[in-house]
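First the structure, in the form of structure tokens, and then the observations on it.
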Number of protein chains: 2
Amino acid sequence: MTAQATNRAPRRVPLSRERVLDAAIKLVDQGGLGSLSMRKLGQELGVEAMALYYHFANKDEVIDGIVDIVFSEIELPTDGTDWRTAMRRRAISMRDVLLRHRWAINLMESRRNAGPANLRHHDAVIGNLRAAGFENAMVARAYSLLDAYIYGFALTKINLPFDATEEVAEVAQGMLQRFPVNEYPNLVAYIAEHLKPGYDYGDDFEYGLDLILDGLEKASSTA
Amino acid sequence: MTAQATNRAPRRVPLSRERVLDAAIKLVDQGGLGSLSMRKLGQELGVEAMALYYHFANKDEVIDGIVDIVFSEIELPTDGTDWRTAMRRRAISMRDVLLRHRWAINLMESRRNAGPANLRHHDAVIGNLRAAGFENAMVARAYSLLDAYIYGFALTKINLPFDATEEVAEVAQGMLQRFPVNEYPNLVAYIAEHLKPGYDYGDDFEYGLDLILDGLEKASSTA
DNA sequence: CGGCCTGACTGTACGGTGTAAAGTTCGCAG
DNA sequence: CTGCGAACTTTACACCGTACAGTCAGGCCG
């Protein structure tokens with residue numbers, strides 16, 4: 001039972017891409033992309049920063065990795081689901097994922113090295129639309145429109161400089177206070193009438209989503 | 001005619017917020033947000049980095065400034081224009097502006113200190129929709145939907161890791177090469193059939209925009 | 001068993017970043 | 001001429017990504 005008996009474990013479990021990426025996601029979910037530094041990441045793993053470069057070529061490769069993890073969390077269309085249901089579920093799942101990983105939005109479509117989950121996702125969506133009879137031009141339009149809406153919604157919602165509903169009016173008022181009264185009458189009226197506590201900007205997501213799906217359905221049936 | 005005669009101009013024209021912001025926009029339009037540093041900005045203006053802190057509290061204030069300049073470039077609805085025309089023109093103008101200042105998208109809705117152009121923009125859009133008879137809840141939905149689409153489209157288009165149409169297929173092929181053949185059959189088929197030279201992803205913007213405007217029009221008329 | 005190799009990691013260093021704090025210089029008011 | 005305040009510079013600090021060289025344990029070969 002002495003320590004050296006059973007070859008007492010290598011002085012430390014070696015790193016792995018997976019362990020590093022998990023730690024990176026944790027860091028970044030907490031403090032945003034800005035709080036992901038190689039030094040902090042190393043610290044989180046009990047290792048010097050430079051150790052990470054044994055497993056990743058550079059920081060970008062780490063980011064590629066966590067982006068693909070985010071993609072893997074989005075619900076894929078299952079075979080045979082009709083396109084409208086599949087797209088609706090995907091959109092809502094994607095919005096949830098993006099809101100859970102607020103840092104990811106800017107990166108999802110910008111990486112030159114798409115990971116397997118990313119490609120799988122695109123493959124499944126395109127497959128579902130093609131199976132539903134959409135021709136290529138229509139696949140492109142539908143996909144572009146839906147993704148733009150989902151990303152854009154997540155982007156605007158995440159970037160809103162307030163979180164809780166209660167604060168909305170306050171922040172808005174604060175912004176306006178620095179300007180002459182009645183400089184922005186419509187904005188003022190709108191805020192006063194509409195931004196009451198209880199209003200959640202996020203509720204409008206499904207309204208817009210269904211409006212878009214309606215439009216696509218009509219377009220695909222008359223084509 | 002000697003140099004000291006007419007009080008030979010202060011050793012140098014002093015900085016101004018405007019001059020600084022112009023230089024900042026120039027830097028950032030060329031090399032992205034990442035290439036905006038206080039030192040480079042100072043250098044651009046023939047001044048040490050710390051001189052900027054006499055005119056701006058910090059770098060964030062500089063960014064607030066250039067974001068508001070971007071807002072000021074978006075075409076505002078003019079009084080009396082019917083909402084659909086106004087929204088369509090605004091959307092296209094906004095897309096153009098965002099594509100011209102690719103770095104701005106992430107920042108447009110995230111700044112805690114909205115500038116005057118930003119507020120003026122919101123005021124004008126809300127004013128137009130209200131004048132068209134949209135009630136507050138509908139104003140919120142329409143605005144949210146349109147902005148999400150515009151931002152999302154700009155975001156996905158800008159983030160596309162290729163520029164010229166010609167490259168699209170190549171880049172896509174490059175991504176796929178690292179994976180087993182037939183791992184992503186739908187994606188492969190789609191790329192082969194649709195991403196021919198000549199296809200411009202950006203052309204789909206107006207299709208989606210009109211689909212959304214159609215939906216909003218129907219909703220507002222049946223309300 | 002001795003020697004060596006190699007996988008995994010550490011140490012040190014360089015040029016970059018934002019910005020706090022103090023020092024400098026110059027035009028102008030008194 | 002004095003003094004002051006606006007505008008700018010100097011210096012410094014803590015942090016960043018990462019190049020490059022060094023270290024050290026475990027496994028393999030003779």
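All of these numbers come straight from a predicted model, not from anything done at the bench.
- Nearest nucleotide to the A:Y53 side chain, out of C:dT19, C:dT10, D:dG17: D:dG17.
- Checking the phosphate oxygens (OP1, OP2) of D:dA6, no side-chain nitrogen or oxygen of B:H55 falls inside 4.0 Å.
- What separates CZ of A:R19 from C1' of C:dA8 is a distance of 12 Å, to the nearest Å.
- Note: A:H122 and A:F71 have tilted aromatic rings, judged against thresholds of 30 and 60 degrees for the angle between ring planes.
- The distance between atom CZ of B:F56 and atom P of C:dG18, rounded to the nearest whole Å, is 14 Å.
- A donor-acceptor pair under 3.5 Å is formed between the side chain of A:R17 and the backbone N or O of A:H55.
- Put simply, CG on B:N58 is 17 Å from P on C:dT17, counting in whole angstrom units.
- Atom P of nucleotide D:dC24 and atom CD of A:E48 are separated by 14 Å, given to the nearest angstrom.
- If you measure from atom CD of B:Q43 to atom P of D:dT9, you get 12 Å, rounded to the nearest angstrom.
- Between A:H101 and A:E73, the side chains place a donor N or O and an acceptor N or O closer than 3.5 Å (distance only, hydrogens not considered).
- Between the P atom of C:dT17 and the CE atom of B:M50 lies a distance of 14 Å, rounded to the nearest Å.
- Residues of residues 33-41 of chain A that place a heavy atom closer than 4.0 Å to DNA chain D, in numerical order, are A:L36, A:S37, A:M38, A:R39, A:K40.
- With D:dC8, D:dC16, D:dT9 as the choices, the nucleotide that has an atom nearest any side-chain atom of A:K59 turns out to be D:dC16.
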**OP:** In sequence, state the C-alpha distance, the side-chain angles, and the governing distance for A:V188 and A:N182, and then conclude on side chain to side chain contact (heavy atoms under 4.5 Å, CB included).
**Re:** CA-CA 8 Å; A:V188 168; A:N182 273 351; 5.9 Å; no
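- Distance from the side chain of A:Y54 is smallest for C:dC9 among the nucleotides D:dA19, C:dC9, D:dT9.
- Here the side chain of B:K40 pairs no donor or acceptor atom with the backbone of B:A49 at under 3.5 angstrom.
- A side-chain donor-acceptor contact under 3.5 Å links A:D123 to the backbone of B:L187.
- Atom pair B:L45:CG and D:dT9:C1' shows a separation of 15 Å (rounding to whole Å applied).
- Although no hydrogens or angles enter the test, the distance criterion places no donor-acceptor pair under 3.5 Å between the side chain of A:N186 and the main chain of B:V125.
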